[in-house]
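For reference, the structure is listed below as structure tokens.
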Protein chains: 2
Amino acid sequence: MLPDGDGFSLIREFRQHSDVPVLILSACDADDDRLLGLGLGADDYLTKPFLPRELILRINNILKRVYGSNQPALERDSLLLGDILIDFSSGLIHSGKTEKSLTAKEFAILKKLSENRGNIVTADSICQAAWEDGYYGYENTLMVHIRRLREKIEKDPSHPQYLLTVRGMGYKLAKDS
Amino acid sequence: MLPDGDGFSLIREFRQHSDVPVLILSACDADDDRLLGLGLGADDYLTKPFLPRELILRINNILKRVYGSNQPALERDSLLLGDILIDFSSGLIHSGKTEKSLTAKEFAILKKLSENRGNIVTADSICQAAWEDGYYGYENTLMVHIRRLREKIEKDPSHPQYLLTVRGMGYKLAKDS
DNA sequence: GATAAAATTAAGGTAAAAGTAAGGATAGCG
DNA sequence: CGCTATCCTTACTTTTACCTTAATTTTATC
């Protein structure tokens with residue numbers, strides 16, 4: 001029903017040259033048409049009326065299959081502080097050309113702060129996140145880890161601009177400026 | 001509506017371990033069910049009644065996509081570390097003129113790391129990939145295999161430059177430099 | 001200026017991983 | 001059916017990187 005020919009011959013010809021995925025969106029849901037379309041190598045066949053969301057999902061599924069790499073986005077799992085980038089999936093801190101790595105505790109603490117960036121996080125709740133078991137009596141240890149973190153992410157660890165202390169409450173990660 | 005649970009949680013769990021294609025054949029064609037199924041990573045969703053021929057066609061299309069000929073199989077299925085090349089399709093390690101081979105467990109472990117190159121992979125998830133059955137209690141064994149792998153792919157196995165340990169978390173394959 | 005909170009430092013302890021060797025399983029072959 | 005070689009697992013000791021402790025100094029707030 002296209003103005004200059006029918007869709008089926010279009011696909012047939014197209015398929016001879018290309019493997020690019022094809023999804024047919026048709027007004028006819030006659031069984032024969034559907035079978036023909038799929039038989040010619042279309043990846044999917046949807047008939048009107050259809051749910052917009054279903055169309056999106058079907059497209060996504062086809063693309064995932066064709067171009068692979070259905071890896072959960074790693075980009076999102078990172079933290080940008082000024083010109084240094086912390087990548088949690090690799091556990092690395094990139095600043096310019098140099099790379100430092102995070103230890104397990106540093107990782108857990110920074111992750112927790114990162115998840116609540118801009119907000120105060122009490123020492124208690126940081127400990128809770130970093131020490132599964134009885135998270136008390138680690139306040140002092142936490143301080144030492146904070147210091148180490150600052151040495152890794154701050155220009156001047158003694159005058160931090162990102163990992164800030166909130167006296168009497170805990171710490172917080174400065175919101176991006 | 002399965003005797004021992006619902007199909008959706010089955011798929012959800014299945015998708016965490018496997019990329020094998022899934023086609024849902026359901027009695028319900030409620031829109032919500034269809035969307036949920038596709039959203040969880042099913043490749044297609046057919047409702048009864050359906051034409052047997054359509055089922056066949058849809059299966060064929062999926063299979064073509066997944067296992068089809070448009071795979072640049074070799075490129076994707078190999079790993080280059082410095083000047084040594086690991087070819088997963090043959091299970092061989094080429095370095096210069098010498099060739100070593102990977103054992104089954106070494107293969108599985110290295111594959112898993114290779115698929116997540118640059119990212120930390122927990123010991124648990126490596127075990128999960130290498131030992132289908134109850135993947136607990138293999139941490140020690142895993143270490144021994146890691147050692148063997150290092151002897152095969154590292155210049156100085158005791159000071160690895162590719163297969164790195166992330167203390168307290170797992171291992172990772174260094175990104176190419 | 002007093003006081004409590006946090007920073008700083010260095011040393012030591014400790015659990016995680018490395019390393020090694022020997023025993024068991026398994027598959028291939030005669 | 002047994003033999004052999006290869007691979008996997010277990011068990012144990014050693015090493016090391018990270019974490020913790022503890023004691024002193026600095027800083028912020030009242």
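Residue numbers begin at 1 in each chain, while the letters A, B, ... track the order of the sequences. All of these numbers come straight from a predicted model, not from anything done at the bench.
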- Query: Taking NZ, NE, NH1 and NH2 as the nitrogens, is one of them in B:D156 or B:R150 under 4.0 Å from a carboxylate oxygen of the other?
  - Reply: no
- Message: Rounded to whole Å, how long is the line connecting atom CE of B:M143 with atom P of C:dA15?
- Response: 15 Å
- Spacing of A:L142 atom CG relative to D:dT20 atom C1', expressed in whole Å: 12 Å
- Rounded to whole Å, CG of B:L102 lies from P of D:dC8 at a distance of 10 Å
- Item | Protein-nucleotide distance (A:R150, atom CZ; D:dT26, atom P), rounded to Å | 17 Å
- How many Å lie between CD on B:E151 and P on C:dA21, as a whole number? 11 Å
- Note on the structure: A:R147 CZ to D:dA23 P, in whole Å, measures 21 Å
- Nearest-Å distance, CZ (B:F107) to C1' (D:dC7)? 16 Å
- DNA chain C: B:P157 or B:R167, which has the more 5' nearest nucleotide? B:R167
- Query: Any side-chain donor-acceptor pair under 3.5 Å between A:S89 and A:D87?
  - Reply: yes
- Item | N or O in side chain of B:Y171 less than 4.0 angstrom from C:dA18 OP1/OP2 | yes
- Item | B:W131 side-chain N/O to D:dC8 phosphate OP1/OP2 under 4.0 Å | no
- Message: Between B:E106 and B:R148, does any NZ, NE, NH1 or NH2 come within less than 4.0 Å of an OD or OE carboxylate oxygen?
- Response: no
- Query: So does A:T103 get a side-chain nitrogen or oxygen closer than 4.0 Å to the phosphate oxygens (OP1/OP2) of D:dA17?
  - Reply: no
